[in-house]
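Here is the structure we will look at.
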Amino acid sequence: MKIIIETVNINKILVDAMKNIPPPEGFIYEFCEADENLNVEADAKIIISHEKIFTGHPHKYILCTSHPEKLNLHDLDCLIDLWACPLNVETVKFYFTKLQKLISSDLHDTEYHQKIFNMAHYDFLTGLATRWYLNEYIEANRDEINITCIYLDLDHLKILNDTYGHLAGDEALVLTAQLIMKEFHDGFSARLGGDEFVVVLFKKVSTYEIEKRVSSFIKSLSKNYSSNPGLKMLSISAGVSQSTFDVPKTFEQVIAESDIALYQAKDCGRACCKIYEDPAI
């Protein structure tokens with residue numbers, strides 16, 4: 001991790017003292033003067049100042065040696081106030097070491113929380129959203145009216161697993177997810193579990209357009225399966241349901257109907273797309 005350390009009106013002897021303090025393992029320091037305007041991407045930035053720092057300064061960590069009242073504390077994760085301390089080598093060493101420990105802890109905590117977030121939100125194998133994340137997404141978009149739900153399920157994956165093993169099955173799931181993300185990049189794609197996938201689109205799209213698009217995806221996927229001898233037995237079936245301004249539906253209703261349409265596609269020989277039709281109409 002790279003840390004930019006920007007000094008403002010700091011004596012060279014003090015800067016050299018900081019440079020002699022080794023960074024934590026996995027960290028790289030790069031020092032610069034404030035007026036150098038160093039354009040380097042970094043994980044964090046420290047500004048060490050011996051003059052006024054104006055309110056609203058965007059940097060995350062500040063070791064301030066004067067006028068701390070000028071800082072906007074809402075923009076900072078930590079503030080070490082040296083205003084009342086003697087500005088000498090030992091003081092700077094002490095507080096600089098303390099500051100770098102705070103940064104190290106914060107960045108590692110951020111990494112940890114990001115890993116936990118990813119585990120909860122994204123499927124570890126395919127990279128698609130999890131069922132839990134789909135539910136969260138639905139709750140956040142309850143006001144949407146134009147909804148298209150595409151329910152997808154691989155055909156013959158169990159036969160593939162029984163014949164070639166689960167590694168071949170995993171390969172098929174990864175390939176399928178990659179093509180789903182590529183074809184439906186404008187939607188929210190999730191793996192519900194096993195070989196079931198859902199794509200949600202928030203846009204006005206005709207039944208003809210979505211059927212054509214899904215059918216094209218099915219053919220493209222079959223072509224990709226056929227190019228791999230171990231996967232050529234596979235295909236994918238799809239069911240689609242929609243909510244519109246004319247016929248508004250809940251998310252739960254749209255997903256349930258697309259699931260029904262999916263099994264109609266299975267009953268029709270698989271490798272095809274079926275649009276849900278209300279039997280009452």
Side-chain angles (χ1 to χ4, degrees), residues 123 126 128-160 172-173 175-226 231-281:
D123 177 59
T126 64
L128 294 179
T130 59
R131 179 188 288 271
W132 185 87
Y133 193 9
L134 174 65
N135 292 336
E136 187 180 79
Y137 184 73
I138 288 171
E139 290 302 321
N141 292 277
R142 282 289 177 188
D143 295 336
E144 292 291 338
I145 301 298
N146 282 316
I147 308 167
T148 295
C149 180
I150 307 163
Y151 210 121
L152 300 158
D153 186 89
L154 286 178
D155 303 319
H156 311 302
L157 182 64
K158 185 179 184 306
I159 298 174
L160 176 71
L173 291 169
L175 173 61
T176 303
Q178 289 173 345
L179 292 174
I180 287 174
M181 287 187 281
K182 181 179 178 180
E183 175 60 36
F184 301 105
H185 55 85
D186 53 339
F188 184 91
S189 303
R191 181 188 178 197
L192 299 186
D195 55 357
E196 294 185 339
F197 304 88
V198 161
V199 178
V200 177
L201 300 169
F202 290 132
K203 59 169 62 179
K204 187 176 181 180
V205 55
S206 69
T207 300
Y208 171 78
E209 289 174 316
I210 196 63
E211 185 173 18
K212 182 179 179 182
R213 185 175 176 182
V214 175
S215 296
S216 175
F217 165 73
I218 290 171
K219 290 178 182 178
S220 175
L221 191 57
S222 294
K223 186 176 180 181
N224 276 272
Y225 289 151
S226 298
L231 306 181
K232 62 183 179 181
M233 69 177 67
L234 295 178
S235 59
I236 196 165
S237 299
V240 176
S241 179
Q242 293 181 292
S243 169
T244 64
F245 281 101
D246 294 332
V247 186
K249 302 173 184 177
T250 65
F251 261 110
E252 289 76 12
Q253 188 177 356
V254 171
I255 291 175
E257 289 177 353
S258 62
D259 189 24
I260 293 171
L262 167 66
Y263 282 93
Q264 291 173 346
K266 297 274 190 183
D267 291 339
C268 288
R270 299 184 173 88
C272 64
C273 171
K274 286 293 181 181
I275 307 294
Y276 178 79
E277 295 181 359
D278 191 339
I281 299 177

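Numbers here simply count residues along the sequence, with the first being 1. Just so you know, these numbers use all the heavy atoms, side chains as well, and skip hydrogens, waters and symmetry mates.
S258 places none of its side-chain heavy atoms less than 4.5 Å from the side chain of V240. In this structure the side chain of T244 reaches within 4.5 angstrom of the side chain of N146, judged on heavy atoms. Using a 4.5 Å heavy-atom threshold, the side chains of V199 and C149 count as separate. You'll find the side chain of L221 stays beyond 4.5 Å of the side chain of L234, heavy atoms only. Side-chain contact between T126 and T176 is absent, with no heavy atoms from C-beta onward closer than 4.5 Å. With a 4.5 Å cut-off on side-chain heavy atoms, I150 and F184 count as touching. Here the side chains of Y225 and L179 are not in contact, with every heavy-atom distance at 4.5 Å or above. In this structure the side chain of K203 never reaches within 4.5 angstrom of the side chain of T148, judged on heavy atoms.
K219 has no carboxylate O lying under 4.0 Å from a charged side-chain N of E183, or vice versa, which leaves the two without a salt bridge.
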Inset, instruction - Report the C-alpha separation of I255 and D259 in whole Å, then their side-chain angles, then the decisive distance to 0.1 Å, and conclude whether the side chain to side chain contact (heavy atoms under 4.5 Å, CB included) test is met. - result: CA-CA 6 Å; I255 291 175; D259 189 24; 5.7 Å; no
Legend entry - side chain to side chain contact (heavy atoms under 4.5 Å, CB included) assessment of N224 paired with S222: CA-CA 5 Å; N224 276 272; S222 294; over 6 Å; no
Inset, instruction - Check the pair Q178 / I180 against side chain to side chain contact (heavy atoms under 4.5 Å, CB included), numbers first and verdict last. - result: CA-CA 5 Å; Q178 289 173 345; I180 287 174; over 6 Å; no
Inset, instruction - Please test L128 against M181 for side chain to side chain contact (heavy atoms under 4.5 Å, CB included), starting from the C-alpha separation and ending with a verdict. - result: CA-CA 8 Å; L128 294 179; M181 287 187 281; 3.3 Å; yes
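One side chain, D155 or S237, offers a donor N or O that lies under 3.5 Å from an acceptor on the other.
With values rounded to the nearest 0.5 angstrom, I210 atom CD1 is found 7.5 Å from I275 atom CD1. Here CG of L157 is found 5.5 Å from CG of L173. Values are rounded to the nearest 0.5 Å. Between the CG atom of L152 and the CD1 atom of I218 there is a distance of 7.5 Å, given to the nearest 0.5 Å. Separating the NZ atom in K204 from the OG atom in S206 is a distance of 10.0 Å, to the nearest 0.5 Å. Between the CG atom in D246 and the CD1 atom in I145 there is a gap of 11.5 Å [rounded to 0.5 Å]. Atom CD in E136 sits 8.5 Å away from atom OG1 in T130 (nearest 0.5 Å).
Between R142 and E139, the shortest heavy-atom contact is NH2-OE2, 2.6 Å. For the pair A265 and A238, the tightest heavy-atom approach, listed with the atom from each and the gap, is CB-O, 3.6 Å. Nearest approach of S243 to P248, heavy atoms of both residues: OG-CA, 3.5 Å.
For F188 and F202, the ring centers sit 6.0 Å or farther from each other. Proximity of the aromatic rings of Y151 and F197 is defined here by a centroid distance below 6.0 angstrom, and this criterion is not met.
Between the side chain of R131 and the backbone N or O of L134 there is no donor-acceptor pair closer than 3.5 Å. Checking side-chain atoms of E211 against main-chain N and O of Y208 turns up no donor-acceptor pair under 3.5 Å. A donor-acceptor pair is defined here as one N or O able to donate and one able to accept, closer than 3.5 Å; such a pair exists between the side chain of N141 and the backbone of Y137. A donor-acceptor pair is defined here as one N or O able to donate and one able to accept, closer than 3.5 Å; no such pair exists between the side chain of S241 and the backbone of E257.
With sequence neighbours left out, the salt bridge (charged side-chain N to carboxylate O under 4.0 Å, His left out) criterion links D153 to K266.
In E144, the CD atom is crowded: over 12 heavy atoms of neighbouring residues, nucleotides or ligands sit closer than 6.0 Å.
For the side-chain contact (heavy atoms from CB on, under 4.5 Å) criterion with Q242, the lone passing option out of T207, L201, I147 is T207.
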